[in-house]
Protein chains: 2
Amino acid sequence: MPPRPGLSKAELEIARIVWELKNASVRQVFEALPAGRDIDFTTVQTYLRRLEEKGYLHAKLDGRNRVYSPKVRPQTVIRETVGEMVDLLFGGDTLPLMKHLVEERRFSPDDIDQLRQLLDRLEGGRNE
Amino acid sequence: MPPRPGLSKAELEIARIVWELKNASVRQVFEALPAGRDIDFTTVQTYLRRLEEKGYLHAKLDGRNRVYSPKVRPQTVIRETVGEMVDLLFGGDTLPLMKHLVEERRFSPDDIDQLRQLLDRLEGGRNE
DNA sequence: TTGACTCGACTACAAATGTACGCCTATAGT
DNA sequence: ACTATAGGCGTACATTTGTAGTCGAGTCAA
């Protein structure tokens, strides 16, 4: 089986909304768009259709309305997308991305704590 | 001024090579392609031309050869690309991406140490 | 000086992407 | 029943992306 074709930006945006809602009709997705994101209803329809074609979403009929739900797990899409970006931007090396994030994006002290704990847990696992 | 148009994957791949080489002719870029990446010389030419058009690379003539060099700093491109991905995948929230990376990608104990140190430095800065 | 090469410029072109229109039918209100 | 709506479906279409071919001018070797 050919690997799933990748998601475009617009498609990803829409897919994310479906993930959040778990289950959504075109209209629901449309209405969930952030204010200011000004695209046509039918455009959303098209993205959802493509998402289904590409195998990322599942659609079932509720009466004559299509209700979309995730098919591929978000986790998977995230892994693929991030992986691709790491490859392209850092030649596959994750650490530089981490460094970039820590340096360039603002973290609250709270976030930093959480990260520290994550790292600790990792190390724990390793030593077990 | 309109914001620079984004880079496509193939373009990013090529741009990265130029960043590495600092300075490169089409042929040098072509030859620096990883084994197995089988695209035509003229294709590379096209990507470089587009990169120049989009304002990411600077080209100067060395005799009749074009030599490309970075114009926009890699740092900037990385920031934009990563930022966009964080928006798309995590609604702009960086922490989940960090978590994802820590959980899903393998880090060596050494990497973990480096990350810890990064975090420490951050906190130091904050408390100063 | 005649090939054999190499580049740069221009052109080409299919696929993917971003975005929307139009038509038909079911549905709800009157 | 009659009309104004809303949704589904198919279609459209410009732009961007991935990829390459052609042609003409310079360059090097014989």
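So you know, we letter chains A, B, ... as the sequences are listed, proteins then strands, and number each from 1. Everything numeric in this text was worked out from a predicted model, so none of it was measured. Atoms considered below: every heavy atom in the structure, side chains included; atoms not considered: hydrogens, waters and symmetry mates.
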- In whole angstrom, give the distance that lies between atom CG of B:Asp40 and atom C1' of D:dG18. 12 Å
- Query: Within a strict 4.5 Å, meaning less than it, do heavy atoms of the A:Thr81 and A:Val77 side chains meet?
  - Reply: yes
- Item | Atom-to-atom span, OH of B:Tyr56 to C1' of D:dT17 - whole angstrom | 14 Å
- Message: Could you see if A:Val67 belongs to whatever hydrophobic cluster contains A:Val18? Use Ile, Leu, Val, Met, Phe, Trp, Tyr and a side-chain cutoff under 4.5 Å.
- Response: no
- Query: Looking at B:Lys9 and B:Glu13, does any basic side-chain N land under 4.0 Å from a carboxylate oxygen?
  - Reply: no
- Query: Between A:Thr43 and A:Gly6, which is nearer to the 5' end of DNA chain C once each is assigned its nearest nucleotide?
  - Reply: A:Gly6
- So do B:Asp111 and B:Arg106 actually touch side chain to side chain, heavy atoms under 4.5 Å? no
- Test item: B:Glu11 and B:Lys54 side chains (from C-beta on) under 4.5 Å apart, heavy atoms: yes
- Task: Please work out whether the ring planes of B:Phe90 and B:His100 are parallel, tilted or perpendicular, with thresholds of 30° and 60°.
- Result: tilted
- Task: State, with a plain yes or no, whether a side-chain heavy atom of A:Leu97 is found less than 4.5 Å away from one of A:Leu89.
- Result: no
- Query: Are A:Asp87 and B:Arg16 side-chain neighbours, meaning at least one heavy-atom pair lies under 4.5 Å?
  - Reply: no
- Note on the structure: Atom NZ of B:Lys9 and atom P of D:dT17 are separated, to the nearest Å, by 11 Å
- Query: Can a salt bridge be assigned to the pair B:Glu52 and B:Arg66 using a cut-off of 4.0 Å between side-chain N and carboxylate O?
  - Reply: yes
- Query: B:Ile39 has an atom CD1; how far is it from atom P of D:dG21, in whole Å?
  - Reply: 13 Å
- Query: Do the side chain of B:Arg50 and the base of D:dT15 come within less than 3.5 angstrom through a donor-acceptor pair of N or O atoms?
  - Reply: no
Tabulate protein N/O versus nucleotide N/O from nucleotides 8-10 of chain D, keeping only pairs under 3.5 Å, one per line.
residue: D:dG8; atom: OP1; partner: A:Arg66; partner atom: N; Å: 2.9
residue: D:dG8; atom: N7; partner: A:Gln45; partner atom: OE1; Å: 3.4
residue: D:dC9; atom: OP2; partner: A:Arg66; partner atom: NE; Å: 2.5
residue: D:dC9; atom: N4; partner: A:Gln45; partner atom: NE2; Å: 3.2

- Respond yes when some side-chain nitrogen or oxygen of B:Tyr47 is under 4.0 Å from OP1 or OP2 of D:dG18, and no when none is. no
- Query: Once you round it to whole Å, what is the distance between P of D:dT17 and CD1 of B:Ile14?
  - Reply: 14 Å
- Item | Contact interval (first through last nucleotide) of DNA chain C with protein chain B, 4.0 Å heavy-atom | C:dC7 to C:dT11
- Beyond-backbone contact of A:Leu101 with B:Leu101, side-chain heavy atoms, under 4.5 angstrom: yes
- Assess the side chains of B:Asp40 and B:Thr42: does a donor N or O sit below 3.5 Å from an acceptor N or O? yes
- Positions of residues 15-22 of chain B (non-hydrogen atom under 4.0 Å from DNA chain D), listed by number: none
